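Keep in mind that what you see is a predicted model, and the values were worked out from it rather than measured.
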Amino acid sequence: MSFYDQKTTEIPQTSMWAVISAAVFIIVCITRWVYSWYNPRCNGKLPPGSMGLPLVGESFQFFAPYTSHDLAPFIKTRLEKYGEIFKTSLVTWPVIVSTDPELNYFIFQQEGNLFQSWYPDTFTEIFGRQNPGSLHGFMHKYLKNMMLHLFGPESLKKMLTEVEQTARRKLQDWSFKDTVEMKNATESLIFGLTAKKLISYDSDNSTDDLKENFAAFIRGLISFPLNIPGTAYNKCVQGRKKAMKVLKDLLQERRQAPRKEQTDFFDYVLEELQKGESMLTEAIALDLMFVLLFASHETASTAITLAIKFLSDHPAVLQALTEEHETILRNRENPDSEVTWKEYKSMKFTFQVINETVRLANIVPGIFRKAMKDVQFKEYTIPAGWAVMVCPPAVHLNPEDYKDPLSFNPWRWDGKDLTGASKSFMAFGGGVRFCVGTDFTKVQMAVFLHCLVTKYKWKTIKGGDIVRTPGLQFPNGFHIQIREKDNASTKANNAPTTK
C-alpha cells in the first residue's frame, strides 16, 4: 500500500470519530437540559407537580376545552393530586399555580415588592408591550389615575342617563325581531357605548368595522399561541393590528384638527400627550385605548348574557329582581323618569345577582404575577423569575366559602360586602391592580337589567351552552325572543319560558 493510499484511509476514520464525539456531546447536552427541565433548580422546596414535556409543558392540557361552570379539569385533577399549590409549565414558562386563598392574598398584597404583574410574551404581543398590565410602580399609578377620569364616580353619575337611553333603544329594537343572539347583541350595545365615550366612535357612520376586529381578537386571546395563518391566535394578532391602525389614524386626525373642548377620553389623553413634562408616550396611549376598548365591553357583554341565561333558568331569582325594580318605579313621582344615582345605589339584590353571575362566570381564569426574588410561603419556595398564576375559579368554587358552589344563588351574598375584593372573591382582581372599570361594568349591567325586567319579558329560543378554552364562550350563541310586557299582565307572566 502506498503512502497516499494509507493517508486516504485514515481521513474517514478521523472524521467518523469527530462525528461520534459531536453526537455524544449533543446527546449529553440534551440529556442535561431535559434533566434540568424535569428537575428545576430551587434554593428550597418547590411545590409538587409536573413540568410536562420539554418546551410544551402542560399547555395542551391547560387549553383543552370543557363545558361546565366547574373547575377546569386541568386545575381540578392537579388540585386533588398535589394540593392547593402546585408547579407546572405553560407556553415554555415555569409556573406556580395557586388555589390557596392565603397565598393569593399574599401575592396581591406584595405587588411591587415580592411580585409584579406579568403575562407571557404571547399575551404581551397582543395587548401591547406598553399596556397598563405590563407597567409597574409610578407609571401604573399614573395610568390608573388617568382611567379614573373616565371610570370614577363623578363620571359614572354623568354617564348614567346615556347608559339607560342606549339600553332602552336597543331593547326596543330587539323586541321587533323574531330572535336575538344575546352575546353579539350585548357586545354591540356595550361596544357602541364604550367606543363613543372613549373615542367618539360611531359604528353606524364609520367605514371601519372596529368591533369586528375586536371580535377576532377576543376569539383568539385565550387560545394556544400558535401564530400561523388560520389559527385563532393568528386571527387575534391580525385583529389587533387592524384595530391599532384605526386608533393611530384617529390620533393623527385629532392632532391635525384638535377640538376646543374635551368630548371624549381620547381628547383627555391627547392633552396629556401634549404636556411638556408628561410621562405619557404615544405607544402607551394607544395600548391604553386598545385595552380599555377590549376590557370594558367584553367583560360586561359576557356577564350580561350569562345573567339573562341564569335568570331564564331561575324564575324565583327573576321574580325577586323584578320586584326590586318595580319598587323603584312605584317610589318615583314619575314612573317614566330616568334612573337616578340614588336609585342605582339602592339596587341591593341586583348587585347580589351581578356578584353571583361573575362568580360563576369566571371570565378571567387566571391572574399572572412574577416572583421578583425567592419567596418563602409555608414549606415551599417560589423561585425568582418564576411566574405565579392565581386561580380565581378555585376560590369562587370553594365549598368551604360557598355552599353548593355550582348553584346560582344570589341570596348567598345577603349581608356580605358587594363592592371590593376579598380572599374569597376576586372576579375583578385584587390589591393595587383591582380593576378600575369594575363600577363601570356594574353600572352597565344594573341599568340594563332594570330596563329589561321592568318593560320586557323573554323566552329562550335555542343555545345558551358554554365552552371554556379556558376563556368563556357561547359556541352556539344564546338566542332569545324579547317582547314588551302587557301592562295588564300579572307577575307570573314575567317569568321566561324555555322552548
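Under the side chain to side chain donor-acceptor pair (under 3.5 Å) criterion, R78 pairs with E58, not counting sequence neighbours. For N398, the side chain to side chain donor-acceptor pair (under 3.5 Å) criterion is met by no residue, not counting sequence neighbours. For K309, the salt bridge (charged side-chain N to carboxylate O under 4.0 Å, His left out) partners are D313, not counting sequence neighbours. Taking the salt bridge (charged side-chain N to carboxylate O under 4.0 Å, His left out) definition, one finds that K196 meets it with E162, sequence neighbours left out. The salt bridge (charged side-chain N to carboxylate O under 4.0 Å, His left out) test applied to D414 returns K348, not counting sequence neighbours. With sequence neighbours left out, H314 forms a side chain to side chain donor-acceptor pair (under 3.5 Å) with no residue at all. Residues that satisfy the ring pair (Phe, Tyr, Trp, His ring centres under 6.0 Å) test with W386, not counting sequence neighbours, are absent from this structure. Scanning for side chain to side chain donor-acceptor pair (under 3.5 Å) contacts around S89 gives an empty result, with sequence neighbours left out. Shown here are the ring pair (Phe, Tyr, Trp, His ring centres under 6.0 Å) partners of F425, two or more places apart in sequence or in another chain: H396, W413. By the ring pair (Phe, Tyr, Trp, His ring centres under 6.0 Å) test, F349 pairs with W411, sequence neighbours left out. By the salt bridge (charged side-chain N to carboxylate O under 4.0 Å, His left out) test, K81 pairs with no residue at all, sequence neighbours left out.
Here salt bridge (charged side-chain N to carboxylate O under 4.0 Å, His left out) pairs that include residues 94-103, with residues two or more places apart or in two chains, are D100-K378, E102-K423.
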